[in-house]
**Q** 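I have a structure here, written as structure tokens, and I will follow up with some questions on it.
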Amino acid sequence: MLDFLNLQKRLFALLILLLCALLLYSYNLRTKPNTNLFERSILLLTEPLSRGTTRVTNDAITLWQDYLHLVGVKQENDALLLKLKLLNHLEIENNELSAENSRLQKLLDFRDSVKGKAVPAQVISADALNWFRTITINKGTDSGVQENMPVVAASGVVGRTIKCAAKSSRVLLITDASSAVAALVQRNRIRTVARGTGANLSCEYASRLEKANIGDHIITSGNGGVFPKGLPLGTITAVQTPEYGLFQTITAKPAVDFSRLEEVLVIVEKEQ
Amino acid sequence: MKYWFFFFPLSTLLLVAQTTLWTMLLPQIPCPNTTLLIVLYLGFQAPFGAGGVCAFTLGCLLDVFSGVTFGFHAIILLTIFMLTAGFRRQINADNPLVLPFATIAGTGAFALLSIFILLLFSDRDQVWPQILSSIPMQILVNLAAALILRPLFTKLSLGVGLESSAPYKREV
């Protein structure tokens, strides 16, 4: 028996490691969202790298758009292109500034309308895999951000924080399959739970007694304990009422365009 | 330990690149699962114990950059490592078909294990159609990444003095 154990000791060690992994996952699944030392350290160490890479990539894209595609034209008319390049550069820079100004203005207006204290943040990276919908923002516990805080954009709800390090946080988007937000159909106040389906929202447990219509807005109900009441979640794109059953099935398009998300607000203190 | 000190920082760099560069430059194409590719490589090359510890910690690392619950990817990647390392005695890793086959099988196993664990432990019952529908594209992207990264892994591992512990190579 001992010989057999000695022979297979590496396999046993790995099986014990697998058991540890299962216990670790099971433990983390049953406890409320928290960020452990390992996660904090990795997020802290990689945050400057992520921020730097994002910045360099942005600069490179701008450089490419501003200059490199004009190289062919430059050969035809150097002098004119020089002027054009400068004007182009200025125009793009102005457009970029104008767009940023507009986005920040919207965010500022929205911040004023949010009841409570909000911290502005920038999106620095997306999820490493395609099956989850999370993003990383450049604000963390140093700015007062904690786990389970609502994250919003000017057009509506983005998600909630799930992991927080000193200078960065991971945000679970409302479109992730593990996200569920207590919601209301704004027009007729039907209560529902908006769950993520990857790209859209599926509104479950919506009573069929009152009909929801395509185009109706879905807002947060404030009942879940995370999001304040009245924030836009999305717009209904499909309603199915089965012949039998208590509920109607509602599909909604999120109010926020997550592919273009750059700035967000983290509501760190909700008004009581 | 040598494997860990080499592959942990390498995986961190690849993860930072795929969460920042990839999503900005190629937003329409799903990003490759580089951590899975490293674990598959370790499954064929690394000793059982060191590779297992490496796969477990790489899973924990992936949990920092992806997903919701810490420990989820650690289970998956450790299981995939054990399966790969278990099969390597029966396979000639020099065969050019091994790499595409391992990548396809590994990507499929990763997806199925994800669905199984999510359905078994958590309440993400809506995630499986999303995962299943993305498998073909994910396989293609992972295959392309494997073809590019495998020579790089081999070159870099030899460069830092990591020797293959694959049985057919030891026998030779």
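Numbered from 1 within each chain, the chains take letters A, B, ... in sequence-line order. What you see below is based on every heavy atom in this structure, not just the backbone, and it leaves out hydrogens, waters and symmetry mates.
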**Q** If we only count heavy atoms from C-beta on, is the B:Phe65 to A:Ile42 side-chain gap below 4.5 Å?
**A** yes

**Q** By a 4.5 Å heavy-atom criterion (distance strictly below it), what part of A:Ile162 contacts chain B: side chain, backbone, both, or neither?
**A** side chain

**Q** Considering only heavy atoms from C-beta outward, does the side chain of B:Asn33 approach that of A:Asn130 to under 4.5 Å?
**A** no

**Q** Does any backbone or side-chain atom of B:Ala111 lie under 4.5 Å from a heavy atom of chain A? Answer side chain, backbone, both or neither.
**A** both

**Q** Would you call the rings of A:Phe38 and B:Phe70 parallel, tilted or perpendicular, taking 30° and 60° as the class edges?
**A** tilted

**Q** Contact part of B:Leu62 toward chain A, heavy-atom cut-off under 4.5 Å: side chain, backbone, both or neither?
**A** side chain

**Q** On a heavy-atom basis, which atom in B:Leu78 and which in A:Leu14 lie closest, and how many Å separate them?
**A** CD2-O, 4.0 Å

**Q** Would you name the heavy atoms of A:Ser125 and B:Thr20 that are closest together and state the gap between them?
**A** CB-CG2, 3.7 Å

**Q** If you tally heavy-atom pairs under 4.5 Å against chain A, which of B:Ala55, B:Ser114, B:Gly71, B:Gly67 wins?
**A** B:Gly67

**Q** I need the residue from B:Leu21, B:Thr35, B:Leu36 with the largest number of non-hydrogen atom pairs under 4.5 Å to chain A.
**A** B:Leu21

**Q** How many angstroms lie between atom OG of B:Ser133 and atom CH2 of A:Trp131, to the nearest 0.5 angstrom?
**A** 10.0 Å

**Q** With a 4.5 angstrom heavy-atom cut-off, is it the side chain or the backbone of A:Leu15 that approaches chain B, or both, or neither?
**A** both

**Q** Shortest non-hydrogen contact from A:Arg170 to B:Val68?
**A** NH2-N, 4.5 Å

**Q** Quick one, B:Thr19 and A:Thr136 - any side-chain contact, counting heavy atoms below 4.5 Å?
**A** no

**Q** More than 12 foreign heavy atoms under 6.0 Å from CD of B:Gln90: is that the case here?
**A** yes

**Q** Would you mind checking which part of A:Ala126 comes under 4.5 Å of any heavy atom in chain B, side chain (CB onward), backbone (N, CA, C, O), both or neither?
**A** both

**Q** Chain B: which of A:Asn58, A:Leu24, A:Ile135, A:Leu129 shares the most heavy-atom pairs with it under 4.5 Å?
**A** A:Leu129

**Q** Can you say whether A:Thr54 sits under 4.5 Å from chain B via the side chain, the backbone, both, or neither, judging by heavy atoms?
**A** both

**Q** At a 4.5 Å cut-off on heavy atoms, which part of B:Phe72 comes close to chain A: side chain, backbone, both, or neither?
**A** both

**Q** Within the 4.5 Å heavy-atom criterion, are B:Ile117 and A:Leu22 side-chain neighbours or not?
**A** no

**Q** Quick one: which of A:Ala180, A:Ala60, A:Ala199, A:Ala21 has the most heavy-atom pairs under 4.5 Å with chain B, could you say?
**A** A:Ala21

**Q** Take the angle between the ring planes of B:His73 and A:Phe132 and call it parallel below 30°, perpendicular above 60°, tilted in between.
**A** perpendicular

**Q** Which atoms of B:Phe8 are under 4.5 Å from chain A, going by heavy atoms: the side chain, the backbone, both sets, or neither?
**A** side chain

**Q** Chain A heavy atoms under 4.5 Å from B:Leu15: which part of the residue, side chain, backbone, both or neither?
**A** side chain

**Q** Does any heavy atom of chain B fall under 4.5 Å from the side chain of A:Ile61, the backbone, both, or neither of them?
**A** side chain

**Q** With rounding to the nearest 0.5 angstrom, report the NZ to CG distance, A:Lys163 to B:Asp63.
**A** 7.5 Å

**Q** Name the region of A:Arg40, side chain, backbone, both or neither, that has any atom closer than 4.5 Å to a heavy atom of chain B.
**A** neither

